[in-house]
Amino acid sequence: MSSPSPDTLLGPADIRELAAVLGVRPTKQRGQNFVIDANTVRKIVRTAGVRDDDVVVEVGPGLGSLTLALLETADRVTAVEIDDILASALPATIAARLPARADRFALVHSDAMEVTELPGPAPTALVANLPYNVAVPVLLHMLDTFPSIERALVMVQAEVADRLAAAPGSKVYGVPSVKANWYAEVKRAGSIGRNVFWPAPNVDSGLVALTRRTEPIRTTATKREVFAVVDAAFAQRRKTLRAALAGWAGSAAAAETALVAAGVSPQARGEALTVEEFARIAEHAQNKEPVQQ
């Protein structure tokens, strides 16, 4: 593979010129903040550990800043874009800036939450600057839908990054933390300043690295059953689990029975539990779904 030229990546002037030609104004509705700094996108690719044999899926490529940096390194890149104008323009940007790699790029014009299959080989990595308003559901959907994804690096609002990477006992540990941990080991992987975006957001951004569990959580409960316990526990996070899980279990007494059977104190709160403990509680639900034969 030939080394990329300095003009491959998009700079601030390129981004604004491209947006002007397309008549694009970033919208808050879709959480669009375009990265305008070449050093930042290369840093993201390095931090993600993208290899030359990786098949990368990118969600929300926008004008293509990160897409081009990914194509410099990865074997293939598939971008998922919901915006009609951005989706129609991206292939031409790739062809103009990185023509030697254009055949390694694929575009899926769709809402990422509705994507159930991708063209070409199965993705091995997810790297994305996720729109702030849908970051967690999109991340969980992609991890669930594409088990071939071994690694992920996502740029999200700093507060969301903290929640995703939080450990049990942390004040920001909650539903995103537990559900992400169902699939992967999660950690904070850096911070990104506001001045590398156009328009500059009102909040800081953070990088979150996820490494798929080599062995899934060992449990007889289904993911749906475990997530139902998680949702119930944090819906009323100030309450003890005996009280918070009463609706889920059918009564406070039934919740206590399930908790004791799982080896969890009925007086504990959801923020103290690991994903494995939530799974044990789900196993002892009286209303557990029948096993499909």
Side-chain angles (χ1 to χ4, degrees), residues 134-145 147 149-152 154 156-189 206-293:
V134 293
V136 172
V138 165
L139 174 62
L140 297 177
H141 172 73
M142 297 301 286
L143 289 172
D144 192 58
T145 306
I149 293 175
E150 304 162 359
R151 291 162 287 116
V154 294
V156 295
Q157 187 174 333
E159 184 182 341
V160 175
D162 291 340
R163 285 184 196 154
L164 282 167
S170 163
K171 286 183 179 179
V172 295
Y173 182 75
V175 172
S177 328
V178 183
K179 290 185 178 179
N181 204 232
W182 169 266
Y183 300 103
E185 301 294 334
V186 190
K187 66 178 184 178
R188 264 299 220 125
L207 297 175
V208 179
L210 301 97
T211 304
R212 172 87 63 176
R213 289 178 176 273
T214 51
E215 294 288 334
I217 301 289
R218 297 186 64 176
T219 179
T220 57
T222 64
K223 180 202 74 174
R224 188 171 126 192
E225 290 168 343
V226 177
F227 282 14
V229 181
V230 175
D231 289 336
F234 287 103
Q236 306 175 78
R237 64 182 296 148
R238 293 182 179 275
K239 292 189 175 182
T240 64
L241 285 171
R242 184 183 190 277
L245 297 182
W248 162 81
S251 70
E256 181 165 348
T257 299
L259 287 160
V260 171
V264 175
S265 168
Q267 301 308 309
R269 288 177 171 77
E271 63 196 41
L273 269 58
T274 64
V275 64
E276 289 85 358
E277 287 171 314
F278 279 112
R280 288 210 306 272
I281 296 167
E283 289 175 8
H284 291 92
Q286 293 180 359
N287 58 350
K288 188 168 163 59
E289 296 173 357
V291 176
Q292 298 296 321
Q293 298 296 329

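The shown structure was predicted, so the numbers you read here are calculated from the model rather than taken from an experiment. Here, residue 1 is the first one in the sequence, and each next residue gets the next number.
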Can you measure from CD (Glu283) to CD (Glu225) and round to the nearest 0.5 angstrom?
-> 9.0 Å
Approximate separation, where rounding is to 0.5 Å, of Thr274 OG1 and Arg280 CZ = 6.5 Å
Flag, side chain of Tyr173 to backbone of Leu273, donor-acceptor distance under 3.5 Å | yes
Rounded to the nearest 0.5 Å, the OG1 atom of Thr219 sits from the CZ atom of Phe278 at a distance of 13.0 Å
Out of curiosity, Leu241 CG to Phe234 CZ, how far, rounded to the nearest 0.5 Å?
-> 8.5 Å
Mind checking whether Phe227 and Trp182 have parallel, tilted or perpendicular rings, split at 30° and 60°?
-> perpendicular
Side-chain donor-acceptor distances from residues 162-169 under 3.5 Å, at least two apart:
residue, atom, partner, partner atom, Å
Asp162, OD1, Arg188, NE, 2.9
Asp162, OD1, Arg188, NH2, 3.1
Arg163, NH2, Glu159, OE2, 2.5

Can you list the steps and then say if Asp231 with Arg224 is a salt bridge (charged side-chain N to carboxylate O under 4.0 Å, His left out)?
-> CA-CA 10 Å; Asp231 289 336; Arg224 188 171 126 192; over 6 Å; no
Please, which pairs that meet side chain to side chain donor-acceptor pair (under 3.5 Å) have at least one residue in residues 207-216, sequence neighbours excluded?
-> Asn181-Arg213
Any residue meeting salt bridge (charged side-chain N to carboxylate O under 4.0 Å, His left out) with Glu277, in chain and number order, not counting sequence neighbours | none
Residue list, salt bridge (charged side-chain N to carboxylate O under 4.0 Å, His left out) with Lys187, at least two apart or on another chain = none
The side-chain hydrogen bond (donor to acceptor under 3.5 Å, both in side chains) partners of Glu271 (sequence neighbours excluded) come to Arg237
So do Lys223 and Asp144 actually touch side chain to side chain, heavy atoms under 4.5 Å?
-> yes
To the nearest 0.5 Å, how far apart are CG in Leu139 and CD1 in Ile149?
-> 9.0 Å
The complete set of side chain to side chain donor-acceptor pair (under 3.5 Å) pairs with one or both residues in residues 255-270, sequence neighbours excluded, reads Arg242-Glu256
Nearest heavy-atom pair of Ala221 and Val226: which atoms, and what distance?
-> CB-CG2, 3.9 Å
